[in-house]
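This report refers to the structure that appears directly beneath it.
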2 protein chains.
Amino acid sequence: MSKPLPLLTSPPPERRDAARNREALLEAAVCLVEVHGVAGVTMDALAARAGVGKGTVFRRFGSREGLMAALLNHSETEWQAAVMGGPPPLGPGAPPLDRLLAFGASRMELNLRHAELIEAAGHPGTRGVGALSFTTMHVRYLLGEIGVVGDLGYLATALVAPLEIIVLREQVDRAQVPMARIVAGWTDLVHRVVSAP
Amino acid sequence: MSKPLPLLTSPPPERRDAARNREALLEAAVCLVEVHGVAGVTMDALAARAGVGKGTVFRRFGSREGLMAALLNHSETEWQAAVMGGPPPLGPGAPPLDRLLAFGASRMELNLRHAELIEAAGHPGTRGVGALSFTTMHVRYLLGEIGVVGDLGYLATALVAPLEIIVLREQVDRAQVPMARIVAGWTDLVHRVVSAP
DNA sequence: AATAGAAGCGGACTGCGGTCCGTTTCAATG
DNA sequence: CATTGAAACGGACCGCAGTCCGCTTCTATT
């Protein structure tokens, strides 16, 4: 027992080569998406492009879905920052109802922009906690600020659900609903929800 | 041009061997699901079990997702029949608001029961038209009967969205929300939506 | 600097979804 | 029946996600 107590020693940071490879992989992935589209990013191609073995790719990201989630994570984090600290009405400073409406429109736009990536990332694993959770928590918070009473957790989930890419695609692609009408519809929905009898 | 005009000739029905194989495949699929679970239903295993070639399986269902959609189709049709013509409050005869609430609870239960199959069926292709469409149209109709005014199409989509399996799983599995609270939450949501100011 | 052992690496290997095309089976016609 | 054109069949084949395990590289310790 000559080892120093592991108290307070944060989990060993990251080996130099591992860091290098991670960066190379992410860069290669971004490049491949640009060139061949999301569907063209195969794990073999990615490994070759980054000059590493296939095993390394899976060690980093666990699965193809994990890789996509990692790619998504970047823009997702940026967006969260805009929501938490950016300019109003999306960021703080505007009345909560205005923030909520701006939030919905912004979220729809983001989800549509990254549709392919989101679908390739699937639901399971990393993303759920980072993405769905944040949006729901934020909406819940705004509902509270607005003064809504009731099961805010459920109401937040219900308001976020129609913003999900699966629902949006159904409307935009299959039913050919114009975006303006979707945004207007969600706005109306919010008004109905916040004005409790 | 000695052929009879193809007017009114319905698309040639189905060859005998094709019909036989279809039945064998569906039966084998159901059996495999029972024994090995949804994940254990591989296209090769299915082909072998039904005593046909792999190509035949793909000719029938187009893809694994198509197969799952076909399996789902059975119970889905049954459920639709219950909604359209079964006993109240789900079926006709009850006040439309009661029908709507019964609809929500029933749909949640159905989606949870077939969760694996639904996720394996994916969104694309056959299912969307048959399933999502029907539920949305029905909710839209009920909203009209209740007397709601506004963009009924969007409101219906928004009410159906939180019943989707993806959203339900998030609540049930990750957040451990009890079913009773989910049902109560959806009921509250409906009340907020239908009581417009 | 030497060393030990853990963390990381790589690529052959497996299993599955999906395609392709030569062969077989059906049913409509004379 | 015999014929014939089309629909259906079957299984070899391909590409990709994911696993496995022996080898290499890093870092902490003395």
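Chain identifiers are assigned alphabetically (A, B, ...) following the order of the sequence lines, protein sequences preceding nucleic acid strands; residue numbering begins at 1 within each chain.
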Next on the checklist: Among D:dA8, C:dG17, D:dT27, which nucleotide has an atom closest to any side-chain atom of B:T42?
Outcome noted: C:dG17
Next on the checklist: From CG of B:L46 over to C1' of C:dG15, roughly how many Å is that when rounded to an integer?
Outcome noted: 16 Å
Item to check | Length of the line joining B:F61:CZ and D:dA8:P, which is rounded to integer Å | outcome: 14 Å
Item to check | Given D:dC26, C:dG10, C:dG17, the nucleotide with the shortest approach to the side chain of A:V52 | outcome: C:dG10
Next on the checklist: Under 4.0 Å, heavy atoms only, any strand: does B:R15 hit a base, just the sugar-phosphate, or nothing?
Outcome noted: base
Checklist entry - With a non-hydrogen cut-off below 4.0 angstrom, is A:R20 in contact with a base, only sugar-phosphate, or nothing? => result sugar-phosphate
Checklist entry - Expressed in angstrom and rounded to an integer, what is the separation of A:M43 atom CE from C:dG11 atom P? => result 16 Å
Next on the checklist: Given 3.5 Å as the limit, does a donor-acceptor pair link the side chain of A:R64 with the main chain of A:V41, or not?
Outcome noted: yes
Next on the checklist: It should be established whether A:N21 places a side-chain nitrogen or oxygen under 4.0 Å from OP1 or OP2 of nucleotide C:dC9.
Outcome noted: yes
Next on the checklist: I want to check one thing: is the phosphate of D:dA7, taken as OP1 and OP2, less than 4.0 Å away from some side-chain N or O of B:R60?
Outcome noted: no
Checklist entry - What's the closest nucleotide to the B:R59 side chain, out of D:dA8, C:dG18, C:dC26? => result D:dA8
Next on the checklist: Heavy-atom nearest nucleotide on DNA chain D for A:G55 versus B:D17: which residue maps closer to 5'?
Outcome noted: B:D17
Checklist entry - Which atom pair, heavy atoms only, marks the closest approach of B:L168 to B:P162? => result CD2-O, 3.9 Å
Checklist entry - For B:E109, does the CD atom sit with more than 12 other heavy atoms under 6.0 Å from it, leaving out its own atoms? => result yes
Next on the checklist: Closest approach to the side chain of B:T56, judged atom by atom: which nucleotide of D:dA17, D:dG10, D:dA12 is it?
Outcome noted: D:dG10
Item to check | Listed nucleotide nearest any side-chain atom of B:D44, set D:dA8, C:dG17, D:dA17 | outcome: C:dG17
Checklist outcome for this item: Against the side chain of A:R64, the closest entry in C:dC16, C:dC9, D:dA17 is D:dA17
Item to check | Polar pair under 3.5 Å, donor/acceptor by atom type, side chain A:K54, base D:dA17 | outcome: yes
Checklist entry - Between A:A156 and A:R140, which heavy-atom pair has the shortest distance, and what is it? => result CB-N, 3.7 Å
Checklist entry - Of the non-hydrogen atoms in B:L117 and B:L71, which two are nearest, and what is the gap between them? => result CD2-CB, 4.2 Å
